[in-house]
Amino acid sequence: SENFSGAPVLAALGAFRAGAGLVTIAAPQCILSGVRAALPDAMTVPLDCLTRTDFYPEWSKWQAIVVGPGLGTGERAHCLVNTILTAKQAASSFPPVIFDADALNILSINPDLLGLLTKSDILTPHPGEMARLLNTEVPDIQKDRQKALKLLCKKCKAVIVLKGAYTLIS
């Protein structure tokens, strides 16, 4: 989103530090010059048109997609998450998707979308995001983190990384 231009830069920097040789940042055209200035090693793709047919040629080249950091929760963000999930359903091969930050918030607003996730996808909620995904409160999550993780696992096939002092993965 135009309001959080540093988030995709930080996500890309994390990918580089983790060993990715080629990182592409898809973001609105209006922030791409700042993104390029902050991280000239990254490739960029303007994300102003959100149709599957326009972007699938790009997506099919990638080994993984991270969606959420800096995304926002406006209509365009909802459209992007829906487009990715629709493309995943329509494509025989689609890269794994990591849903973080605002992508998790969008999934919590549209819980039916959780059923479209596959075992190659990853959700990375912190306790607040987990509470929103399960329509509960943070103290309930923290009281029994394993139970919360099991509840979300029943709602989707994705790998779930419940972040916190004792991170749980299922």
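Bear in mind the structure is a predicted one, so any value in this text is a computation, not a measurement. Below, all heavy atoms of this structure are taken into account, side chains as well, without hydrogens, waters or symmetry copies.
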For the atom pair [atom1] ([X]) and [atom2] ([Y]), what is the distance rounded to the nearest 0.5 Å?
{"X": "L168", "Y": "L149", "atom1": "CG", "atom2": "CG", "value": "6.0 Å"}
{"X": "E129", "Y": "K163", "atom1": "CD", "atom2": "NZ", "value": "5.5 Å"}
{"X": "T86", "Y": "Q89", "atom1": "OG1", "atom2": "CD", "value": "7.5 Å"}
{"X": "L85", "Y": "D112", "atom1": "CG", "atom2": "CG", "value": "11.5 Å"}

With side chains defined as the heavy atoms from C-beta onward, is the minimum distance between [X] and [Y] less than 4.5 Å?
{"X": "I106", "Y": "L80", "result": "no"}
{"X": "L71", "Y": "F4", "result": "no"}
{"X": "H78", "Y": "I109", "result": "yes"}
{"X": "P127", "Y": "Q142", "result": "yes"}
{"X": "K155", "Y": "L134", "result": "yes"}

> Got more than 12 heavy atoms from elsewhere within 6.0 Å of CD, Q146?
Replying inline: no

Between [X] and [Y], is there a donor-acceptor pair closer than 3.5 Å when you use the side chain of the first and the backbone of the second?
{"X": "T167", "Y": "G164", "value": "yes"}
{"X": "D144", "Y": "K147", "value": "yes"}
{"X": "R132", "Y": "L104", "value": "no"}

> Applying the side-chain contact (heavy atoms from CB on, under 4.5 Å) test to K88, which of L116, T83, V97 qualifies?
Replying inline: V97

>> Tell me which one of V159, L123, I160 satisfies side-chain contact (heavy atoms from CB on, under 4.5 Å) with C153.
In response: I160

Show every donor-acceptor pair shorter than 3.5 Å between a side-chain atom in residues 16-41 and any protein atom, with sequence neighbours excluded, or say none if there are none.
{"unit_1": "R36", "atom_1": "NE", "unit_2": "T44", "atom_2": "OG1", "d": "3.0"}
{"unit_1": "R36", "atom_1": "NH2", "unit_2": "T44", "atom_2": "OG1", "d": "3.2"}

Could you tell me which non-hydrogen atom of [X] sits nearest to which non-hydrogen atom of [Y], and how far apart they are?
{"X": "P125", "Y": "L133", "value": "CB-CD1, 4.1 Å"}
{"X": "D102", "Y": "G72", "value": "OD2-N, 2.8 Å"}
{"X": "S120", "Y": "P96", "value": "O-CB, 3.0 Å"}

> Going by distance alone, is a donor N or O of one side chain under 3.5 Å from an acceptor N or O of the other, for D100 and T124?
Replying inline: yes

> Would D121 and T118 count as having a side-chain donor-acceptor pair, cut-off 3.5 Å?
Replying inline: yes

>> Before you tell me yes or no, could you show the steps for L117 and F99 under side-chain contact (heavy atoms from CB on, under 4.5 Å), namely the whole-Å CA-CA distance, both residues' side-chain angles and the distance that decides it to 0.1 Å?
In response: CA-CA 10 Å; L117 299 171; F99 293 87; 3.3 Å; yes

> V9 and I98: same hydrophobic cluster, using ILVMFWY side-chain contacts below 4.5 Å?
Replying inline: no

